[in-house]
Novice: 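Just passing along the structure, written as structure tokens.
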Amino acid sequence: MSWNYILFDLDGTITDSGEGILNCVKYALESAGLQIPPEKELWQFIGPPLIDSFQNFSGMSFKEAEQAVRKYRERYSTVGIFENKLYKGIDTVLAKLKEEGFLLAVATSKPEEYTKRILEHFAVEGYFDEVVGSTMDGKRNKKADIIREVFRRMQISEESKPEVIMVGDRKHDILGAKDCGIASLGVTWGFGSEQELKEYQADYIVYQVEELLDFFHTK
């Protein structure tokens, strides 16, 4: 295929953000007086919108989940946001893709405000033509809605969809791409698994960061 637009998820694709996310989930659960589940179960919180995760994995009502999200952000906005690191080699990959003329965007369920701060912190914001995240009020947090906002901002037409691919590590990236009628590329170095990516029918899968350059046929 001849790709023109490459949409990247953030957590688990560009950055290894597990430490900060899990610490903030624990903080929110403790604030709600709930017992902290084993860490393996907490990994479920990485990927989906938080408002959904607190309801689905912790049995909270919508109102309780809203309060948990507020507590999560209380810690995340000052501490958790930087308990984070780039995956080794991803900055080189982004630089090469940009150099070769691909149009790059971030499409993440993380709030846009935090996403931009993270990209700036790691000095990779300049590689992206557009950065789209969720809104703080929860009106835009589903992956499909975020991808559609990328389309709107980058003026990607229906006719151009065959030139667009979503790169991500979880089922939400794959399902969001399918909902929007674009291809998906699953990556296994993040918080999902090869099994999950195959189960939700990622169009393609790569296993190492460097493989992205081979996949996109860079010189």
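Bear in mind the structure is a predicted one, so any value in this text is a computation, not a measurement.
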Novice: Hey, mind stepping through Leu185 and Ile205 against side chain to side chain contact (heavy atoms under 4.5 Å, CB included) and telling me if it holds?
Specialist: CA-CA 5 Å; Leu185 172 60; Ile205 297 177; 5.7 Å; no
Novice: Looking at Asp203, is its backbone amide N or carbonyl O close enough to the side chain of Ser184 to form a donor-acceptor pair, meaning the two atoms are under 3.5 Å apart?
Specialist: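 Yes, Ser184 side chain to Asp203 backbone: donor-acceptor pair under 3.5 Å.
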Novice: Under 4.0 Å between a side-chain nitrogen and a carboxylate oxygen: does that hold for Glu158 and Lys161?
Specialist: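 Salt bridge: yes.
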Novice: Under the ring-ring contact (aromatic ring centres under 6.0 Å, His included) test, which residues partner Phe82, sequence neighbours left out?
Specialist: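 For Phe82 the ring-ring contact (aromatic ring centres under 6.0 Å, His included) partners, ignoring immediate neighbours, are His121.
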Novice: Rounded to the nearest 0.5 Å, how far does CD of Gln208 lie from NZ of Lys88?
Specialist: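 Rounded to the nearest 0.5 Å, the NZ-CD separation comes out at 11.0 Å.
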Novice: List in chain and number order the residues that pass ring-ring contact (aromatic ring centres under 6.0 Å, His included) with Tyr72, two or more places apart in sequence or in another chain; answer none if no residue qualifies.
Specialist: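 With sequence neighbours excluded, Tyr72 shows a ring-ring contact (aromatic ring centres under 6.0 Å, His included) to Tyr76, given in chain and number order.
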Novice: Do Asn84 and Ser17 have a side chain donor and acceptor closer than 3.5 Å?
Specialist: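 Result is no, nothing qualifies.
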Novice: If the threshold is 4.0 Å, N to carboxylate O, is there a salt bridge linking Glu112 and Lys116?
Specialist: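 A salt bridge is present here (some side-chain N lies under 4.0 Å from a carboxylate O).
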Novice: Using the rule given for salt bridge (Lys or Arg N to Asp or Glu O under 4.0 Å), can you reason through Arg153 versus Glu149, listing the C-alpha separation, both sets of side-chain angles and the distance that settles it, and then say yes or no?
Specialist: CA-CA 6 Å; Arg153 294 189 195 178; Glu149 180 65 10; 2.9 Å; yes
Novice: Do Glu30 and Lys71 meet the salt-bridge criterion of a basic N to acidic O distance under 4.0 Å?
Specialist: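 No, no charged N to carboxylate O under 4.0 Å.
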Novice: Using a strict threshold of under 4.0 Å (side-chain N to carboxylate O), is an ion pair present between Lys96 and Glu100?
Specialist: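 Yes, Glu100 and Lys96 are salt-bridged.
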Novice: Run the salt-bridge test on Lys98 and Asp129 with the 4.0 Å N-O cut-off and return the result as yes or no.
Specialist: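 Looking at Asp129 together with Lys98, the answer is yes, because their closest N to O distance falls below 4.0 Å.
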Novice: Do the charged groups of Asp173 and Lys143 touch, with an N to O distance under 4.0 Å?
Specialist: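 A salt bridge links Asp173 with Lys143.
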Novice: Got a salt bridge between Arg75 and Glu83, using NZ or NE/NH1/NH2 to carboxylate O under 4.0 Å?
Specialist: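 Yes, this pair counts.
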Novice: Which side chain to side chain donor-acceptor pair (under 3.5 Å) pairs, counting each pair once, include a residue from residues 49-63, with sequence neighbours left out?
Specialist: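 Passing the test, one end in residues 49-63: Asp52-Lys142, Ser61-Glu64.
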Novice: Any carboxylate oxygen within less than 4.0 angstrom of a Lys/Arg side-chain nitrogen, looking at Asp145 and Lys139?
Specialist: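 Result for this pair is no, no salt bridge flagged.
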